[in-house]
2 protein chains.
Amino acid sequence: MVTIKDVAEYSGVSVATVSRALNNSGYVGEKSRIKVEEAVKALGYYPNEVARSLYQKSSKMIGLLLPDISNPYFPLLAKGVEDYAQQNGYMVILGNVEDNPEKEDMYVKFFSQYNISGVLSASAGKKNNTYRVPFILLDRADEEEDYSVSTDDKLGGKLAAQAILKAGGKHAIVMAGPKNVSGANDRLSGALSILDNGGLSYKVMETNSFKVEKAEITAINLFETYESFDSVIASNDVYALAVMKEAIKRGHKIPEDIQIIGYDDMLFSRLMYPGLTTIAQPAYDVGYQGAKMLLDLIEKKTVKNKKLKLKPKLITRNSLR
Amino acid sequence: MVTIKDVAEYSGVSVATVSRALNNSGYVGEKSRIKVEEAVKALGYYPNEVARSLYQKSSKMIGLLLPDISNPYFPLLAKGVEDYAQQNGYMVILGNVEDNPEKEDMYVKFFSQYNISGVLSASAGKKNNTYRVPFILLDRADEEEDYSVSTDDKLGGKLAAQAILKAGGKHAIVMAGPKNVSGANDRLSGALSILDNGGLSYKVMETNSFKVEKAEITAINLFETYESFDSVIASNDVYALAVMKEAIKRGHKIPEDIQIIGYDDMLFSRLMYPGLTTIAQPAYDVGYQGAKMLLDLIEKKTVKNKKLKLKPKLITRNSLR
DNA sequence: TTGAAAGCGGTACCAT
DNA sequence: ATGGTACCGCTTTCAA
């Protein structure tokens, strides 16, 4: 391993001068600078970030806390984070916390042990004030004081309801989604605000999970509990799919007998038959903008908007009439 | 921040003794040990890993290089890695390299700057010998000398072909998959080895991507190019889905007219109608076992099997007769 | 403009 | 069994 000392010897100056030259800090004579640059090139030197981090008590690493990487929404978000971080010389440390407070605590500790310089969290866990570094909430924006980047779910809910209305639904079922997820509540209230003035009847179906495992049983429940509906606003694409499957199985035609709209726009939603009409969430952008906000905070740039709301949009395919 | 020095002062011993007590290295008297433990508890001390890492030239961090997190196979693999790592006190650093050698080089450098102690790579990029730390290939096993964990794709191909045969296929199309991915070749040769003795006719369709964007066009090509086939062995589930969609669109019944088998078993494959019969890849296990092998290597435990092959298995649903 | 030296928070060698 | 201390690689103060 080639160290700053090697560079100093090779170029005939002191390590202090090399350090200054490398960091553009303090005075460095022109000749010294040149000699250092040559030495760096000749030796293939690059600084040891661990040593630097020890002194500076910070690093070029940020943490990303996710509730569940296997949920297809999060990899996209993670990709956005990773892209922005990588473009700006930061590494991202992945923490799959699964809404498990203990795991989250482990990571908080890890992060501080390694001088991580900021954290992005999409985890629904209790907001952890233990962080002494910039902290940004992804996809949630409960508390007033936090920095956050999220989707405008109320708008998303409205969009979905409007699409159903426009397609001529008469009797709709709207799935409520988990009550402890603020986004789910926003969607619901957004949808209802439109439906209430839309001249169609609707019922709200309580569902309390986004989990894939629950999708099939929820779809079955839907058909066993309700009768004579012609439209479904599903919690998300996975649930929409499950409903489609169950509907077809029971001999209903989509969209003729029953029309369905999803939420998320996962990559396979367009691979269904019929293609699923859905509300696209800007998952990648949430990650990307979140990372940007975090690095701005870390580098003490001013962040104009503490709470960034990104807009979802309607993706029209063939599951609505 | 509370340091080892604080602990030493509080407990009235030297930092050397504290260090020994904490690491169970060297002699420590019973009384000293107790005093240290009390001090640690009272002060809420935990070691700074950056300082430790600087001295030891290693850390409790491992790198994970992925070709594309948005491909649903990889998050599962990542979850396996993360789980094992986390259970053993390691953090994982995520690198989405997208088969881009420059990005990969960036990460190689990053990793060494931060004393990462091992690397797991599912990237198809040139094998990077620049690593001076344990290195394990995930999902690929080209070169003889490497450590690797992968799926037995030849077996997977056989399983798929056997299922088609058993379901009574007469004329099959088998998609070849990208030629530069060794797993794809193994699947193909596995499938053909069965088909050749199966008493049915088949054709191999060249496809050269696993990418989602290509799936729809490939499905269309399939129907435009070939006639009178009754069975399809698809490259993966996404492609299988696209084929199903196109088939239904064209008025074919599944599985009555055309039967289809996929590869991967992605979570939504069972949410289709009809449910997709497929070969399940142990993505999570590849990650988990890979992480295990890596940590064993890092901690100098003996690894009995340099090249671990995990078994795929047939998941029977309703897309075969 | 430059270099010596004191840290940053640990580990481990060497005396005692 | 214990403590003093050099050292890991880098940054920054301070004096020259």
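Letters go in sequence order (proteins before strands), and every chain restarts at 1.
Distance B:Asn23 CG to C:dG9 P: 17 Å, rounded to the nearest Å. To the nearest angstrom, C1' of C:dG9 lies 12 Å from CG of B:Leu22. One atom, CZ of B:Arg20, and another, P of D:dG3, lie 8 Å apart when rounded to the nearest Å. Rounded to an integer number of Å, the gap from B:Lys5 NZ to D:dG3 C1' is 14 Å. One can place NZ of B:Lys31 at 8 Å from P of D:dT2, the figure rounded to the nearest angstrom. A straight line from OH of A:Tyr27 to C1' of D:dC14 spans 15 Å, rounded to a whole angstrom. Between the OH atom of B:Tyr114 and the C1' atom of D:dC8 there is a distance of 17 Å, rounded to whole Å. In this structure, the CG atom of A:Asn115 is 14 Å from the P atom of C:dC8, given to the nearest Å.
Of all nucleotides listed (C:dG10, D:dC8, D:dA1), C:dG10 comes nearest to the side chain of B:Ile4.
Tested against A:Tyr73, the residues A:Asp68, A:Asp264, A:Asp139 include a single side chain to side chain donor-acceptor pair (under 3.5 Å) partner, A:Asp139.
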Pick out the pairs of N or O atoms, protein on one side and nucleotides 5-7 of chain C on the other, that lie under 3.5 Å.
none

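Mapping A:Gly29 and A:Leu54 onto DNA chain C via the closest heavy atom, the residue that lands nearer the 5' end is A:Gly29. Comparing A:Ser19 and B:Gly26, the nucleotide of DNA chain D nearest to each residue sits closer to the 5' end for B:Gly26. Residues A:Gln56 and B:Gln56 both approach DNA chain D. Their nearest nucleotides, taken by heavy-atom distance, put B:Gln56 toward the 5′ side.
Of all non-hydrogen atoms in A:Ile93 and A:Phe111, the two that sit nearest each other are CG2-CE2, 3.8 Å.
Residue A:Leu76 holds its CG atom at 8.0 Å from CG of A:Leu267, rounded to the nearest 0.5 Å. Here the straight-line distance linking atom CD of B:Gln56 with atom OG of B:Ser117 works out to 11.0 Å at 0.5 Å rounding. In this structure, CG on A:Leu297 lies 11.5 Å from NZ on A:Lys292, to the nearest 0.5 angstrom.
Phosphate contact (OP1/OP2 of D:dG9, side-chain N/O of B:Lys57, threshold under 4.0 Å): present. Contact between the side-chain N/O atoms of A:Thr3 and the OP1/OP2 oxygens of D:dG9 is not found at any separation under 4.0 Å. Contact check, A:Thr17 against C:dG3: a side-chain N or O comes under 4.0 Å of OP1 or OP2. At C:dT11, none of the side-chain N or O atoms of B:Ser25 fall inside 4.0 Å of OP1 or OP2 (strictly under the cut-off).
B:Ser53 comes within 4.0 angstrom of nothing in the nucleic acid, heavy atoms only. Contact annotation for A:Val18: no contact, since no heavy-atom pair falls under 4.0 Å across all strands.
No side-chain donor-acceptor contact under 3.5 Å links B:Ser123 to the backbone of B:Leu66. Put simply, the side chain of B:Glu82 gets close to the backbone of A:Asn96: a donor and an acceptor are under 3.5 Å apart.
Between B:Leu310 and B:Gln281 the shortest side-chain heavy-atom distance does not fall below 4.5 Å.
Near DNA chain C, defined here as any heavy-atom distance below 4.0 Å, there are no residues from residues 34-52 of chain A.
Salt bridge A:Glu49/A:Arg52: present, at least one basic N to carboxylate O contact under 4.0 Å.
When the shell of 6.0 Å around NZ of B:Lys5 is examined, it contains 12 or fewer heavy atoms from other residues, nucleotides or ligands.
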